[in-house]
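Predicted, not measured: the structure shown is a model, and the values here were computed from it.
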Amino acid sequence: MKFFENVLKEETLIIVNSELNNNMKKAVWNSSRLVWQNTLTSNNSGAVLTKPVSEACKNKVVEDVKTFVPNTEKIFINMHIWDLGSGIALHDDASYKFASTLYLNSNWHPNYGGWFIWKDEKEKWNAFLPEHNNLVLNDTKQYHTVTPISPTSPELRLTLQIFGE
């Protein structure tokens, strides 16, 4: 697992957040309960809302992340809204050349849940608390999970998921 800080330029963050906010209450979202494999939603009581970013937004994000992620033929980018009780079960993203998460919340308190936990190459478990504009990159198929968002969290967890094939 690799971690990078301050990945998106300020201009790109504005575009991403604007697109997210403009779509927040529109009927354009899909649910992890409908589109993810059952193995990914097990042990989580909530759902993750997901939608692809616009082509214009995708182009800006790809420009900013290209020095951090492996070069691939295809890149897919989805916005995710992690609702209360949502998380993702243990998995390794084996079907992708790489998978990454970019965190959008300005502040994320440890009590809110949503911890990123992974098993490193030495078989040791590690945890990472989401931090604004930081990127987690999995290009070595390491097992990882996201703990459920607390049912008392005052915020939804907001991320970009970037996958390369």
Side-chain angles (χ1 to χ4, degrees), residues 1-37 40-41 44-69 72 74-89 91 93 96 98-118 128-139 144-165:
M1 220 51 78
K2 297 173 185 157
F3 298 85
F4 303 97
E5 296 179 350
N6 300 314
V7 171
L8 297 183
K9 296 175 184 166
E10 192 60 36
E11 173 188 342
T12 306
L13 277 170
I14 290 168
I15 291 168
V16 167
N17 285 318
S18 176
E19 185 167 320
L20 180 63
N21 291 329
N22 289 338
N23 285 285
M24 190 69 74
K25 295 185 181 185
K26 291 182 180 175
V28 295
W29 299 91
N30 213 329
S31 169
S32 58
R33 296 274 180 216
L34 300 174
V35 297
W36 290 2
Q37 298 171 0
L40 296 177
T41 58
N44 294 291
S45 62
V48 178
L49 300 179
T50 179
K51 77 171 278 320
V53 298
S54 68
E55 196 64 26
C57 185
K58 176 183 173 181
N59 291 338
K60 292 296 289 180
V61 171
V62 168
E63 182 67 27
D64 288 2
V65 302
K66 68 182 178 186
T67 60
F68 302 103
V69 301
T72 59
K74 293 181 183 177
I75 290 184
F76 304 95
I77 304 177
N78 293 317
M79 293 181 166
H80 281 187
I81 300 174
W82 302 71
D83 202 356
L84 306 181
S86 70
I88 190 166
H91 65 288
D93 296 317
Y96 298 101
F98 75 85
S100 60
T101 301
L102 191 129
Y103 301 102
L104 298 173
N105 294 83
S106 294
N107 294 300
W108 192 256
H109 193 280
N111 287 341
Y112 298 171
W115 285 81
F116 180 85
I117 299 175
W118 79 99
F128 174 78
L129 182 67
E131 293 183 34
H132 182 255
N133 200 18
N134 285 0
L135 181 85
V136 174
L137 172 67
N138 185 15
D139 60 356
H144 59 283
T145 184
V146 174
T147 65
I149 306 301
S150 168
T152 60
S153 174
E155 293 186 49
L156 301 171
R157 184 175 182 256
L158 308 173
T159 64
L160 287 183
Q161 302 302 133
I162 307 166
F163 301 96
E165 286 186 346

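- Between Glu5 and Asn134, the closest side-chain pair of non-hydrogen atoms falls below 4.5 Å.
- Formation of a donor-acceptor pair under 3.5 Å by the Asp83 side chain with backbone atoms of Ala47 is not found in this model.
- Within the model, atoms CD1 of Ile81 and CG of Leu156 stand 6.5 Å from one another, a figure rounded to the nearest 0.5 Å.
- The shortest heavy-atom contact between Pro130 and Tyr103 is CB-CD2, 3.4 Å.
- Of the possible donor and acceptor atoms, none in the side chain of Ser31 sits under 3.5 Å from a partner among the backbone N and O of Leu49.
- In this structure, a donor-acceptor pair under 3.5 Å is absent between the side chains of Asn107 and His109.
- Considering only heavy atoms from C-beta on, Met1 comes within 4.5 Å of Phe116 through its side chain.
- Between His144 and Asp93 the shortest side-chain heavy-atom distance falls below 4.5 Å.
- Met79 places none of its side-chain heavy atoms less than 4.5 Å from the side chain of Asn23.
- Separating the CG atom in Asn138 from the CH2 atom in Trp118 is a distance of 11.0 Å, to the nearest 0.5 Å.
- No donor-acceptor pair under 3.5 Å is formed between the side chain of Lys2 and the backbone N or O of Phe68.
- Annotation: the span from Leu129 atom CG to Tyr112 atom OH amounts to 10.5 Å, rounded to 0.5 Å.
- Across Ser153 and Leu84, no two heavy atoms sit closer than the pair O-CD2, 3.5 Å.
- The CD atom of Glu131 lies 10.0 Å from the CZ atom of Phe3; values are rounded to the nearest 0.5 Å.
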Problem set entry | side-chain contact (heavy atoms from CB on, under 4.5 Å) between Glu63 and Thr12, worked out | CA-CA 9 Å; Glu63 182 67 27; Thr12 306; over 6 Å; no

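- To the nearest 0.5 angstrom, Leu160 atom CG is 8.0 Å from Leu20 atom CG.
- Considering every non-hydrogen atom in both Trp29 and Met24, the closest pair reads NE1-O, 3.7 Å.
- The minimum heavy-atom distance linking Pro52 with Asn78 is given by the pair CA-OD1, 3.2 Å.
- Under 4.0 Å is where a charged nitrogen must lie from a carboxylate oxygen, and between Lys60 and Glu11 at least one such pair does.
- Of all the heavy atoms in Cys57 and Glu19, the pair that sits closest is CB-OE1, 3.1 Å.
- A distance of 6.5 Å separates CG in Leu135 from CZ in Phe4, rounded to the nearest 0.5 Å.
- Val61 places a side-chain heavy atom less than 4.5 Å from the side chain of Val16.
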Problem set entry | Stepwise side-chain contact (heavy atoms from CB on, under 4.5 Å) test for Leu104 and Leu13 | CA-CA 8 Å; Leu104 298 173; Leu13 277 170; 4.2 Å; yes

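- In this structure the side chain of Ile162 never reaches within 4.5 angstrom of the side chain of Val62, judged on heavy atoms.
- For the pair Gly113 and Thr147, the tightest heavy-atom approach, listed with the atom from each and the gap, is C-OG1, 3.8 Å.
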For this session: Test side-chain contact (heavy atoms from CB on, under 4.5 Å) on Thr50 and Gln161 and set out the steps.
Result: CA-CA 9 Å; Thr50 179; Gln161 302 302 133; over 6 Å; no

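- Side-chain atoms of Ile88 and Trp82, non-hydrogen and from C-beta on, do get closer than 4.5 Å to each other.
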